[in-house]
Amino acid sequence: MSQLDLSGASAGNAVVDEIDHDDLCPICRHVLHRPVVTQCNHTLCESCMAEWAEVSVTSQMTIPLDEEPQDFSALNLQAKCPMCRTLTSARRSEEAEERVRERYPEEYNKRDEEYLADEETKDVSVQTLTVYIGNTAKEVRDIGDGRKMYDWEFFVKVSDQSVINEVEVLLHETFKQPRTVKRRAPYSIRREGWGTFTVRANVVLKAGYSWISSDAVDSRYAKRVSLPLEWTLSFEDGGSQARCRLKIKNERRRLR
Ligand SMILES: [Zn+2]
Ligand SMILES: [Zn+2]
């Protein structure tokens with residue numbers, strides 16, 4: 001062994017006091033735990049990604065009207081990377097996990113234990129939610145000048161209604177009653193009209209929940225509790241809808 005090989009001298013130490021920069025999570029500053037790697041090539045703990053990656057509301061995509069709300073895995077989520085804010089998804093990295101497990105077995109086991117204990121008692125949990133926003137439309141009659149009257153229904157559907165407090169729907173101000181608050185599903189309203197316009201909907205969560213999105217708005221009592229969404233009515237082909245995949249945080253203490 002070369003006399004200059006100083007790193008070799010401390011390798012036998014039971015306590016790892018120096019962790020390689022690449023093996024540290026840039027968010028929690030601990031040894032990576034269940035590491036995930038993003039498309040922008042950032043490596044971080046799975047739980048750090050789940051908690052800190054923000055979902056952009058503008059990442060919604062138009063999909064067929066007959067798709068129903070369903071849950072999905074947090075890892076398939078398109079979200080803003082907490083490090084560089086690029087819209088990305090993440091995948092588990094077995095190479096990184098093997099490397100840190102091998103290099104820092106004690107640290108890693110400690111993190112595993114903390115993780116499991118945390119799962120049982122933690123008071124913050126992150127949940128994913130699929131939200132559909134859209135409208136159906138049925139032609140009812142011709143009203144002349146090439147215009148047609150439509151019977152349309154605007155809706156917001158969510159994969160878990162138990163977290164929703166209310167959905168506020170705001171129509172064009174020329175409507176008689178432009179504001180409607182729906183306290184239970186279906187969160188939809190039906191009207192007749194010939195012109196399309198942009199409907200606004202504020203999806204408000206129950207107490208203890210908040211949206212993990214910088215698009216969310218605070219109320220007097222809670223932070224990031226209301227998520228403003230917009231939808232431009234579409235009368236062609238019977239209507240259309242878009243899907244957004246979002247994340248919420250629950251800060252209520254779980255029962256042990
Ligand atoms: Zn971390
Ligand atoms: Zn990144």
Side-chain angles (χ1 to χ4, degrees), residues 27 46-61 63 65 67-80 82 115-136 153-171 177-191 198-231 241-256:
I27 302 284
E46 184 184 47
S47 55
C48 291
M49 180 72 189
E51 184 148 358
W52 295 104
E54 282 202 351
V55 180
S56 167
V57 175
T58 54
S59 68
Q60 56 179 238
M61 54 190 284
I63 45 118
L65 261 179
E67 187 178 317
E68 287 294 317
Q70 49 186 243
D71 280 320
F72 63 100
S73 145
L75 283 183
N76 300 328
L77 193 65
Q78 280 268 311
K80 283 183 208 152
Y115 174 78
L116 292 173
D118 222 39
E119 281 292 290
E120 277 169 27
T121 60
K122 77 177 162 189
D123 48 14
V124 175
S125 66
V126 173
Q127 183 184 338
T128 52
L129 210 63
T130 312
V131 177
Y132 290 80
I133 183 168
N135 75 275
T136 59
E153 185 164 22
F154 165 81
F155 59 82
V156 173
K157 293 179 191 169
V158 290
S159 55
D160 181 1
Q161 284 159 20
S162 72
V163 300
I164 306 295
N165 185 42
E166 61 181 37
V167 177
E168 179 188 26
V169 180
L170 299 156
L171 301 180
Q177 197 199 340
R179 179 178 179 268
T180 309
V181 176
K182 289 277 180 177
R183 296 226 152 73
R184 61 173 66 94
Y187 308 111
S188 63
I189 63 160
R190 195 172 159 187
R191 293 283 190 280
T198 300
V199 180
R200 286 181 297 142
N202 295 314
V203 184
V204 183
L205 297 172
K206 282 194 178 150
Y209 292 91
S210 59
W211 293 99
I212 304 181
S213 168
S214 47
D215 299 315
V217 177
D218 299 346
S219 76
R220 273 174 67 193
Y221 311 102
K223 288 221 172 288
R224 292 188 173 185
V225 74
S226 171
L227 188 72
L229 297 173
E230 284 188 351
W231 174 254
Q241 69 176 349
R243 178 182 59 206
C244 351
R245 300 187 144 165
L246 299 158
K247 291 195 304 182
I248 57 173
K249 218 193 276 194
N250 177 7
E251 283 171 68
R252 241 184 216 168
R253 192 167 286 276
R254 280 197 203 166
L255 293 174
R256 292 196 190 182

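For the pair K223 and D218, the minimum side-chain heavy-atom distance is below 4.5 Å.
Taking all atoms of both residues into account, the shortest heavy-atom contact from K206 to S162 is NZ-O, 3.0 Å. Considering all non-hydrogen atoms of both residues, P228 and D215 come closest at CD-O, 3.2 Å. For S226 against V204, the heavy-atom pair with the smallest separation is OG-CG2, 3.9 Å. Among all heavy-atom pairs drawn from W211 and V203, the shortest one is NE1-O, 3.2 Å.
S188 meets the side-chain contact (heavy atoms from CB on, under 4.5 Å) test with E153, F155, P186; sequence neighbours excluded. Residues passing the side-chain contact (heavy atoms from CB on, under 4.5 Å) test with R220, sequence neighbours excluded: none. Listed by chain and residue number, L170, R179, V181, N202 satisfy the side-chain contact (heavy atoms from CB on, under 4.5 Å) test with E168 (two or more places apart in sequence, or in another chain).
Going from atom CG of D160 over to atom OH of Y209 covers 7.0 Å, rounded to the nearest 0.5 Å. The CD atom of Q127 sits 11.5 Å away from atom CG of L246, with the distance rounded to the nearest 0.5 Å. To the nearest 0.5 Å, atoms CD1 (I212) and CZ (R224) are separated by 9.0 Å. Distance check, rounded to the nearest 0.5 Å: CD of Q177 to CZ of R191 gives 6.0 Å. Taking CG of N135 as the start and CH2 of W231 as the end, the distance is 6.5 Å to the nearest 0.5 Å. Interatomic distance, K247 NZ to L129 CG, rounded to the nearest 0.5 Å: 12.5 Å.
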As a quick check of understanding, evaluate side chain to side chain contact (heavy atoms under 4.5 Å, CB included) for I189 and L171, giving each step before the final call.
CA-CA 10 Å; I189 63 160; L171 301 180; 3.5 Å; yes
Run the side chain to side chain contact (heavy atoms under 4.5 Å, CB included) test on L205 and I164 for me, step by step, so that the C-alpha distance in whole Å, both residues' side-chain angles and the decisive distance to 0.1 Å come before the verdict.
CA-CA 5 Å; L205 297 172; I164 306 295; 4.1 Å; yes
